[in-house]
Amino acid sequence: NLFPQANLNYSFTKTKNLRFNYSGRTNQPSAQQLQPVIDFSDPLNIKEGNPFLKQSFNHSVRLFYNSFNVFTQKIFFATINASFTSNDIQNSTLIAQNGVQTTKPVNLNGTYSIVGYINYGFPLRKPKSNLNFGMNVNAIQSQTLINNQSNFTRNTGVGGNIIWTTNLKEKWDINLTSNSMYNLVSYTLQPNQ
């Protein structure tokens, strides 16, 4: 197995820098997934192995930028994390007319995850405190097979947060946080769900 990695750090100034990271990793199928044995222990949910499974390979990429102003104490950072999987090990399900389901692991492509986040923060004078505004977006997709048809599950979300922190005295800290998130999930074979 080959696990490539790459890292790049670039400093525009002492307080502004950009980082890039890449890593790859494999995921081996389990012995149970590889065994060509049919499991009839639950006659309504039959499980079968697949000796032709390949190992999956995941590519992970991270891009991170941060900036801090020493004089104004303002901070800004943004990050994007993405991963893509080839030969992802997912299930193929055959549903018979009598309702019996037969599940078998297979290799599929099309699995990915992309998540982005930005944050901006600055100090307040009265009361002496810090205020941070953040926003995140994500797009995630996975795939299964149902009766030999691709069923993509897609999750798209957007959210934000507000964080206010202060330490009025040496032994007294106050942190107030508000988080909001909106998710939209869809299925290609069952668009009404």
Any link between [X] and [Y] through a network of hydrophobic side chains (Ile, Leu, Val, Met, Phe, Trp, Tyr) touching at under 4.5 Å?
X	Y	result
Ile95	Val106	no
Tyr120	Phe12	yes
Leu63	Tyr65	yes
Phe3	Phe84	no
Phe76	Leu18	yes

Working note: Gln28 + Ser30, criterion side-chain hydrogen bond (donor to acceptor under 3.5 Å, both in side chains); need CA distance, chi angles, decisive distance, verdict. CA-CA 6 Å; Gln28 317 301 323; Ser30 68; over 6 Å; no
Are any of the side-chain heavy atoms of [X] and [Y] separated by less than 4.5 Å?
X	Y	answer
Asn50	Gln35	no
Val100	Ile46	yes
Val70	Thr15	yes
Phe122	Thr72	no
Thr166	Trp164	yes
Pro105	Glu48	no

Is it the case that the side chains of [Y] and [X] hold a donor-acceptor pair, with the cut-off being a distance below 3.5 Å and no angle test?
X	Y	answer
Gln101	Thr103	no
Asn179	Thr177	no
Gln55	Asn1	yes
Ser56	Asp88	no
Asn91	Thr93	no

For Phe68 and Gln73, run side-chain contact (heavy atoms from CB on, under 4.5 Å): C-alpha distance rounded to whole Å, both residues' side-chain angles, the deciding distance at 0.1 Å, then the answer. CA-CA 7 Å; Phe68 178 69; Gln73 298 293 301; 3.5 Å; yes
Roughly how far, to the nearest 0.5 Å, is [atom2] of [Y] from [atom1] of [X]?
X	Y	atom1	atom2	result
Ile89	Lys54	CD1	NZ	11.5 Å
Thr188	Ile146	OG1	CD1	8.0 Å
Gln32	Asp39	CD	CG	7.5 Å
Ile163	Ser129	CD1	OG	13.0 Å
Leu108	Phe152	CG	CZ	8.0 Å
Asn132	Phe77	CG	CZ	7.5 Å

Between Ser178 and Leu176, does the side-chain contact (heavy atoms from CB on, under 4.5 Å) criterion hold? Intermediate values first, please. CA-CA 7 Å; Ser178 171; Leu176 299 176; over 6 Å; no
Before giving the answer on side-chain contact (heavy atoms from CB on, under 4.5 Å), spell out for Ile118 and Phe133 the whole-Å C-alpha distance, their side-chain angles and the decisive distance to 0.1 Å. CA-CA 8 Å; Ile118 60 172; Phe133 295 94; over 6 Å; no
Might you work through the side-chain hydrogen bond (donor to acceptor under 3.5 Å, both in side chains) test for Asn9 and Asn17, ending with a clear yes or no? CA-CA 7 Å; Asn9 295 325; Asn17 63 68; over 6 Å; no
If I compare all heavy atoms of [X] with all of [Y], which pair ends up nearest, and what's the gap?
X	Y	value
Ser150	Gln143	OG-OE1, 2.7 Å
Leu2	Phe57	O-CE1, 3.6 Å
Phe52	Asn107	O-OD1, 4.2 Å
Asn147	Leu94	OD1-CA, 3.4 Å
Ser86	Asn109	CA-OD1, 3.2 Å
Gly49	Lys104	O-CE, 3.8 Å

Can any side-chain N or O of Asn155 pair as donor or acceptor with the backbone N or O of Val185 at less than 3.5 Å? no
Is the backbone of Lys14 close enough, under 3.5 Å, to the side chain of Ser11 for a donor and an acceptor to pair up by distance? no
Go through Asn69 and Ser67 one step at a time and tell me if the side-chain hydrogen bond (donor to acceptor under 3.5 Å, both in side chains) criterion holds. CA-CA 7 Å; Asn69 190 312; Ser67 172; over 6 Å; no
Kindly determine whether Ile162 and Leu131 satisfy side-chain contact (heavy atoms from CB on, under 4.5 Å), including the steps that lead there. CA-CA 7 Å; Ile162 302 172; Leu131 189 61; 4.0 Å; yes
Over 12 foreign heavy atoms within 6.0 Å of CZ, Arg62: yes
